[in-house]
Each structure stands twice: as C-alpha cells, then as structure tokens.
Amino acid sequence: MEKLSSQEREFVKEITPKSEDFAQWYVDVIRKADLIDYAPVKGCMVIKPYGYGIWERIQEAFDRRFKETGHQNAYFPIFIPESFFQKEAEHVEGFAPEVAWVTHGGGEELTERLAVRPTSETLICAMYSKWIQSWRDLPVLINQWCNVVRWEKSTRPFLRTTEFLWQEGHTAHRTEEEAEEEALRMLEVYRERVENILAIPVIAGQKTEKEKFAGALRTYSIEALMGDGRALQAGTSHNLGQHFAKVFDITFLDQDDQLKYVWQTSWGVSTRLIGALIMVHGDDRGLVLPPKVAPLQVVVVPIAPRKQREMVLAEARALAVGLEDRVQIKLDDRPEYTPGWKFNDWEMRGVPLRIEIGPRDIEKGQVVLVRRDTGEKTAVSREGLETRVVRELEDIQATLFRRAKRFMDENTHQAETFAEIKEILEERRGLIWAGWCGKRECEDAVKEETGATIRCIPFEQPEGTMKCVCCGKGESRKVVFARAY
RNA sequence: CGGGGCGUAGCGCAGCUUGGUAGCGCGCCUGCCUUGGGAGCAGGAGGUCCCGGGUUCAAAUCCCGGCGCUCCGACCA
C-alpha cells in the first residue's frame with residue numbers, strides 16, 4: 001500500500017498540480033496527453049494524431065449542424081491580394097498588425113503582396129460580388145474549414161497560435177432581419193454544440209463596440225469559464241451589416257426592381273475549443289474528455305499473467321469486438337507495458353472509460369469499469385455490458401457538464417464597485433455581473449483599474465436593475481466582466 | 001512589444017558561481033524474467049551542451065548578438 005502511494009506521487013510529479021501553477025499544468029497536460037508538438041516556426045504547433053482526433057470529432061459535430069441549418073462547405077484560397085484586403089477600413093485597421101505577407105513567389109518579387117488569410121471576409125466578399133445578381137441568388141450560405149494565420153505577439157498551444165484551424169461561415173442575405181436571424185441562429189448552434197458535445201457551459205450575449213469584430217455591425221459570442229477563473233471566448237458570430245457589401249459592391253436586384261446591397265454574417269469556432277476542453281475538464285491526472293469528443297471512448301486493458309495470457313487476450317479481444325459497433329474502443333494489448341502503466345497513460349490522455357479484464361473477472365463472468373471523471377471502479381457483469389457501457393458514457397458526458405456548470409455558478413459573482421471587482425479578481429476570479437451604462441469611457445476605466453473586460457452583454461438579463469459600476473448611472477445593462485484569455 | 005525564468009541524450013534535469021575527459025533519472029535497444037495502479041536483473045546504444053560571433057593555450061561554463069519555449073503585462077479566435 002505504501003509502495004503504491006509513493007508510486008502515485010512519482011507519477012503525479014510529471015503533471016504540475018492545477019492549483020500550484022495553472023499555466024504550467026496546462027502545458028504539462030498537453031504534453032502528457034500527446035496532443036501537440038512544437039514546430040520550428042515560432043508560435044506554430046503540430047497537432048498530433050490524438051489531438052487532431054479531438055478536432056475531427058468537433059468538426060463532425062459542428063459540420064452536421066451547419067448542414068442541417070442549410071449551409072454548404074466550400075474552399076477559398078489562402079492568399080488574398082493586398083488591394084482586396086485594404087478595402088474595408090475598419091477591418092484592415094483591426095487585422096493589419098497581425099497579417100503575414102507573401103512578397104516573393106517562384107524566386108521573383110510579386111507585383112502585389114499577398115496576405116496569408118487572417119480571416120476570409122475580403123476574399124469571399126469579392127467572390128460573392130460576382131456570384132450574386134438577383135434576390136433569387138439569396139441567401140448564400142457557405143462555410144469553409146481551413147487554416148488561418150495571425151502573427152500574434154505571444155502564443156500558447158491551442159489558445160493562441162500563429163496558425164490555427166477553424167471554420168468560418170459566410171452568408172449573404174436579402175434583408176437586415178434575415179442576416180440578424182442568421183447571426184443569432186449560428187450563435188445558438190455554437191451554444192448548443194459547445195454545451196452538449198464539449199460539455200462546456202457558456203454565456204451567450206453581445207459584444208460591446210470595443211470588443212466587436214473589426215468591420216462588423218454587431219458581434220455575438222459565447223463565453224466560457226476556465227478552471228483558473230479566466231473567461232474564454234469559445235465562438236463568435238457577426239452581423240456584418242452592409243459594410244463589406246458596400247465596399248465590395250455586392251448588390252442584387254430585388255423583387256421591387258431596386259438594386260440593393262446584401263446583408264452579411266460571418267461566424268467561427270477554432271481549435272481554441274480544444275484549449276477550452278483541457279482547461280474546463282482536465283484534472284491533476286491529466287486530460288478528461290467528454291465522450292462525445294473523445295477520439296477513443298473506451299480502452300480495454302487486459303490483465304494477463306503469462307500462463308493465462310492467450311486466454312485473457314482472447315476474452316479481451318472478443319469484448320472489444322462486441323462493443324466496436326457502439327463505441328470508439330481500443331484494446332491495449334501491448335505486452336511491454338504493465339497494466340498499471342497503461343492505466344496512468346490512458347488517464348493522462350483523458351479516455352472516458354476503461355475496462356479492465358483479468359483472470360479473476362473472467363472466472364466471475366465480469367469486467368471492471370473505471371470512469372475517468374470520478375475514478376469510480378465497478379465490477380459489472382459481462383451480461384448486458386454493451387448497454388451498460390453506453391449508459392456509462394452518457395452519464396460521464398452529463399456529469400462533466402453538470403460539474404462544469406456548478407463550477408461556473410460557484411465562480412459567478414456580482415459587483416457594484418471597482419473595489420468589489422478588484423477584490424473578486426484577486427481572491428476568487430471568475431465571472432462578474434455588474435451594471436454598465438454603455439459608455440466606452442466606463443468600459444475602459446474598469447479595464448484600466450481592474451484588468452477585467454466586458455466579455456459580453458448576456459441575452460439573458462437577470463431580474464432587477466443595477467447601477468453602472470463605473471459612473472453610477474442607474475438603469476444600466478447587466479454585463480459580465482472577467483479577465484479573459 | 002516591454003519585464004522575468006528557461007534552453008545540456010527522446011523526456012525531466014545536474015554541471016556553469018571559481019573555464020580543463022559531458023553526467024544523472026526516466027525512456028530506448030538486446031536477453032532473462034514479469035503483468036489487478038508507471039515491475040526486476042544484466043548488458044548496450046544514444047550529445048552541433050539552442051544558433052552565431054568574441055575572450056582564452058583551452059568555453060556547456062566568461063562576454064556580445066540572435067532564435068525558441070514559458071510566465072506576467074499591452075494587442076487578438
């Protein structure tokens with residue numbers, strides 16, 4: 001027993017405890033779960049197969065909903081001519097500092113520099129201008145999955161990398177109402193997927209002028225709370241209004257014989273969601289993956305003493321085969337590792353459910369189930385195992401969401417003064433509800449004084465009124481402040 | 001982009017103060033042995049000491065410059 005506990009300590013040493021140093025814990029988990037490797041170019045990472053597997057699960061889940069809401073996938077080029085990029089003033093100003101430029105091609109200097117897309121609005125708008133003539137061409141509902149590049153000053157795996165993977169939806173509509181509906185519809189898709197698939201509770205709302213997307217009329221977002229009490233924007237949706245349509249001349253002849261500009265939206269989620277998964281669900285033993293995004297949902301670890309090795313492996317194999325139609329399952333039959341080593345390895349990687357099977361279990365016609373979320377071990381009968389496993393996975397998914405929701409609730413506070421905001425941020429962090437009159441000066445002042453920014457103006461406003469936390473003006477909107485990633 | 005920490009074998013680190021044969025743990029390879037929470041023994045392989053200059057008879061070590069990772073701030077999915 002004593003030996004066991006010392007081994008456990010030894011093991012845990014490889015991952016810095018979350019409470020000791022959250023940032024270090026985060027990179028330790030990423031390393032031990034084998035999600036990425038650092039690439040030779042600053043701020044770039046290789047997403048390794050296991051990490052990419054998570055992204056694939058996220059893609060599947062989101063893509064399905066995009067299709068269900070009438071969108072089609074397409075692909076636009078990575079290079080954008082400088083002249084296109086320059087057209088929308090606010091947009092350029094917002095993105096210019098972080099654009100990577102291609103100046104040479106085939107050994108010769110280009111006559112016009114090419115931007116490596118930081119986002120594709122400008123190029124896609126240029127194309128829409130050609131494609132859209134009539135009200136009958138609308139709406140255009142296109143999404144693309146791609147990489148984008150933003151030359152960031154400081155980078156962190158998944159949270160902010162020079163190149164990242166995402167999807168960007170770009171739609172064009174006949175009316176302002178339609179565009180607004182679309183922007184909100186897609187934000188709701190994000191909310192639903194992030195909560196139900198990633199098991200991360202979020203707050204949906206509108207961004208302030210200060211925080212909105214460069215060139216948008218209005219920006220909406222879903223905001224999540226990380227384990228260290230900082231907020232993370234998990235997805236955004238923009239009503240672009242007619243800014244881009246006017247600049248790129250995207251017009252259509254309406255039914256009333258009038259030439260009009262389209263109304264547009266764009267919306268995106270990125271590999272940053274993987275960072276959110278890690279920071280919301282992970283624990284001191286490593287990654288914890290909700291079953292619906294886990295590349296591997298169940299791992300079977302055979303306990304195979306030499307003399308019974310073949311017998312146990314055969315049973316384990318049969319077990320895995322019996323489940324493979326229902327769940328993503330893998331049999332870990334590597335002979336060079338001990339069961340204990342495998343337990344730790346798969347736990348670090350966040351596999352939701354482990355099945356242990358050894359001679360003693362076989363004798364009793366049972367297996368041992370071990371949940372990653374609770375660590376709970378249960379001996380269950382092989383009879384009806386399939387149903388049990390599926391049910392267990394569903395319960396893990398639900399438990400993770402419930403746990404994250406409770407954490408968010410417990411770390412959501414109210415403040416009426418700067419001092420209160422400061423105190424909360426210093427002692428507990430988390431999300432802070434406060435009143436805001438709507439003035440930029442007040443928003444800036446809070447940031448200046450406390451470091452907290454307005455994450456969003458939530459759609460769901462609590463009862464009652466609050467005074468502006470800065471200027472004291474009554475009848476203010478209730479907004480959520482936090483320190484953000 | 002400012003401030004701090006770090007860069008030595010695949011990973012984690014010691015050595016650097018006070019210059020003089022490059023080390024430890026884990027991992028890896030071979031064999032034996034073993035499997036219910038990171039087993040054991042024996043043998044073995046593996047190094048541009050981040051890069052470039054400089055000082056010196058001699059640099060992982062001292063000096064200058066760069067790059068990268070990381071944390072904290074300013075800017076962003």
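Order of the sequence lines sets the chain letters (A, B, ...), proteins ahead of strands, with each chain counted from 1.
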If you measure from the [atom1] atom in [N] to the same atom in [M], how many Å do you get, rounded?
N: B:A60; M: B:U8; atom1: C1'; result: 7 Å
N: B:C63; M: B:A59; atom1: P; result: 15 Å
N: B:C32; M: B:G68; atom1: P; result: 49 Å
N: B:C33; M: B:G37; atom1: P; result: 23 Å
N: B:U70; M: B:G65; atom1: P; result: 24 Å
N: B:G7; M: B:C49; atom1: C1'; result: 10 Å
N: B:G23; M: B:U48; atom1: P; result: 15 Å
N: B:A39; M: B:U21; atom1: C1'; result: 36 Å

Rounded to whole angstrom units, what separation is found between the [atom1] atom of [X] and the [atom2] atom of [N]?
X: A:Gln366; N: B:G36; atom1: CD; atom2: C1'; value: 12 Å
X: A:Lys342; N: B:U35; atom1: NZ; atom2: C1'; value: 8 Å
X: A:Asp345; N: B:C26; atom1: CG; atom2: P; value: 18 Å
X: A:Asp332; N: B:U35; atom1: CG; atom2: P; value: 17 Å
X: A:Asp34; N: B:G27; atom1: CG; atom2: P; value: 17 Å
X: A:Ile36; N: B:C69; atom1: CD1; atom2: P; value: 10 Å
X: A:Glu347; N: B:G37; atom1: CD; atom2: C1'; value: 8 Å
X: A:Tyr337; N: B:G37; atom1: OH; atom2: P; value: 18 Å

Pairing check on [N]: which nucleotide meets the Watson-Crick or G-U wobble criteria with it, both distances under 3.5 Å?
N: B:C49; result: none
N: B:G73; result: B:C1
N: B:A39; result: none
N: B:C26; result: B:G10
N: B:A59; result: none
N: B:U34; result: none

Of A:Arg371, A:Lys342, A:Arg354, A:Arg372, the residue whose pairing with A:Glu347 passes salt bridge (charged side-chain N to carboxylate O under 4.0 Å, His left out): A:Arg354
Strictly below 4.0 Å, N to O, side chains only: are [X] and [Y] in salt-bridge contact?
X: A:Lys422; Y: A:Glu426; value: no
X: A:Arg349; Y: A:Asp34; value: yes
X: A:Asp444; Y: A:Arg440; value: yes
X: A:Arg185; Y: A:Glu188; value: no

Note, A:Thr119 side chain near A:Arg150 side chain (heavy atom, < 4.5 Å): yes
Sub-4.0 Å heavy-atom contacts from residues 293-309 of chain A onto RNA chain B, ordered by number: A:Ile303, A:Ala304, A:Arg306, A:Arg309
Worked check of ring pair (Phe, Tyr, Trp, His ring centres under 6.0 Å) between A:Phe84 and A:Phe79: CA-CA 11 Å; A:Phe84 283 54; A:Phe79 300 124; over 10 Å; no
Neighbour count >12 (heavy atoms, 6.0 Å) for atom NZ, A:Lys87: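 Yes, because the 6.0 Å sphere around NZ of A:Lys87 holds more than 12 heavy atoms from other groups.
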Test item: side-chain donor near acceptor, A:Tyr220 and A:Glu180, under 3.5 Å: yes
A:His170-A:Tyr128 aromatic ring centre distance below 6.0 Å: no
Pair A:Trp145 + A:Phe62: ring centers closer than 6.0 Å: no
Under 4.0 Å protein heavy-atom contacts per nucleotide of nucleotides 70-77 of chain B, with B for base, S for backbone only and - for none: SS--BSBB
Side chain A:Arg354 and base B:G37 donor-acceptor under 3.5 Å: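 Checked by distance alone, the answer is yes.
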Closest-nucleotide ordering on RNA chain B, the 5'-leading residue of A:Lys42 and A:Thr338: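 Looking at RNA chain B, the more 5' nearest nucleotide goes with A:Thr338.
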